[in-house]
Student: 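Got a structure for you, questions after.
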Amino acid sequence: MTMTNPNDDMLDDLFAQARSIDAKPSDAFLARVLADADGVQAAMQPKQVAVSGGLWTRMLDALGGWPAVSGLAAATIAGVWIGVAPPSSVQDLTASLIGDEVSVDFFATDFAFDTGALADG
Amino acid sequence: MTLSQDPFSGAPDDALLIAFANGDRQAARYLTARLLPRVLAQATRMMGNPSEAEDVAQDAMMRLWKIAPDWRQNEAQVSTWLYRVTSNLCTDRLRKRRGALSLDQVAEPLDDAPSVPAQMQTRARMTALSDALAQLPDRQAQAVSLRHLEGLSNPEIAQIMDISVRSVESLTARGKRALADLMAGRKAELGYDDDQPE
């Protein structure tokens, strides 16, 4: 088509080539970005709080997963979590049980909440 | 209520970001896997070379990690925010190229294989495009990149750049015209003959 501007044709071709670039992050680069994330998280939490290794995940599952909580603000989610697993500063036997590895079983698939079980624990 | 193997898989970006801000390290992994490829791709298209693109992408993700505690759901989309931040970081760097030629930018191989002429030509073309973007005013470079490199719609670009759709149209039109003029003298060098692009 002699009507088109050849400069535009070249530019359109360059744009198309650029759009087809699909730069995949290398494993090393992914690791660097993750290390940055870990560093920022470490700086955000000076005290060790029991929200590591998937406890958050298990709590969410107990509430019904992300579809159930997606409408809630972070403060609400945090409030539910604090209600379920109070920080270690709370002087309470139940709290010390929940803040422990015992909580892994507490959120197991087939858990049926039985107040008697805690007393025996 | 089942214990899902992958409870984060359906979670929207901002929910993951809030989980990240609350200390969940799984959320960091999900966010990185999901978001870094898009950020890196955008940076690569604007910067024209992998190492600068990685610098920009790492910087953009770092800003995301740091803003997480202040993130409010339903105020903005994480993707919009990232497009904006990456765009700004790119034009910041491109501005430093203005007036300077990329003669000392040794073409890095695109992979470990021996350089192939086609690869070198692609690399030269992408560098030339990026250098031309660097000559534009920041807002024109951003609008043109979001439109023609990222393929976003004018309303999407308007949201990212926080301007009106009419402004987007004006910026992209002017930016594209300026780019075409800047590139005009380099056709032969980049492997385009005068009659048609290769």
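Since the model is a prediction, treat every value here as computed from it, not as a measurement. First the proteins, then the strands, lettered A, B, ... as listed; each starts at 1.
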Student: For residues 152-178 of chain B, give me every residue with a non-hydrogen atom less than 4.5 Å from any non-hydrogen atom of chain A.
Tutor: B:K176
Student: When you compare the side chain of A:M44 with that of B:W65, does any pair of heavy atoms fall below 4.5 Å?
Tutor: no
Student: Side-chain heavy atoms under 4.5 angstrom apart, residues restricted to Ile, Leu, Val, Met, Phe, Trp, Tyr: same cluster for B:Y30 and A:L34?
Tutor: no
Student: Got a second to check how far B:L179's CG is from A:L14's CG, nearest 0.5 Å?
Tutor: 9.5 Å
Student: For B:G23 versus A:Q41, what's the shortest heavy-atom pair and its separation?
Tutor: C-NE2, 3.3 Å
Student: Does any part of the side chain of A:D9, heavy atoms only, come nearer than 4.5 Å to the side chain of B:Y192, both counted from C-beta?
Tutor: no
Student: Looking at B:D181, B:T44, B:L36, B:L31, which has the largest count of heavy-atom pairs under 4.5 Å with chain A?
Tutor: B:L36
Student: Is it the backbone or the side chain of B:M126 that comes under 4.5 Å from a heavy atom of chain A, or both, or neither?
Tutor: side chain
Student: What is the distance from atom CG of B:L64 to atom CG of A:D36, rounded to the nearest 0.5 Å?
Tutor: 11.5 Å
Student: Partners of B:D14 by side chain to side chain contact (heavy atoms under 4.5 Å, CB included), sequence neighbours excluded?
Tutor: B:P12, B:W71, B:Q73, B:V78
Student: For B:L129, is it the side chain, the backbone, both, or neither that has a heavy atom closer than 4.5 Å to a heavy atom of chain A?
Tutor: side chain
Student: Determine whether B:R29 and A:D38 make a side-chain contact, defined as any pair of heavy atoms from C-beta on separated by less than 4.5 Å.
Tutor: yes
Student: Would you mind listing every salt bridge (Lys or Arg N to Asp or Glu O under 4.0 Å) that reaches into residues 63-91 of chain B, with sequence neighbours excluded?
Tutor: B:D59-B:R63, B:R72-B:E75
Student: With hydrophobic residues grouped by side-chain heavy-atom distances under 4.5 Å, do B:M62 and B:V85 end up in a single group?
Tutor: yes
Student: Would you say B:L35 and B:V56 are hydrophobically clustered, going by side-chain heavy atoms of ILVMFWY under 4.5 Å?
Tutor: yes
Student: Under a single-linkage definition using a 4.5 Å side-chain heavy-atom cutoff for Ile, Leu, Val, Met, Phe, Trp and Tyr, are B:V39 and B:Y83 assigned to the same hydrophobic cluster?
Tutor: no
Student: Got a second to check how far A:M10's CE is from B:M183's CE, nearest 0.5 Å?
Tutor: 4.5 Å
Student: Taking every non-hydrogen pair under 4.5 Å, which of B:A41, B:A33, B:P37 racks up the most with chain A?
Tutor: B:P37
Student: Compile the donor-acceptor pairs under 3.5 Å between side chains in residues 18-29 of chain A and protein atoms, sequence neighbours left out, one pair per line.
Tutor:
from: A:R19; atom 1: NH1; to: B:H148; atom 2: O; distance (Å): 2.6
from: A:S20; atom 1: OG; to: A:Q17; atom 2: O; distance (Å): 2.7
from: A:S26; atom 1: OG; to: A:F29; atom 2: N; distance (Å): 3.1

Student: When heavy-atom pairs shorter than 4.5 Å are enumerated against chain A, which of B:E150, B:Q42, B:E54 gives the highest number?
Tutor: B:E54
Student: Do you know which two heavy atoms are closest between B:T32 and A:V33, and how far apart they sit?
Tutor: CG2-CG1, 3.9 Å
Student: Going only through I, L, V, M, F, W and Y residues with side-chain contacts under 4.5 Å, is there a path from A:L11 to B:L146?
Tutor: no
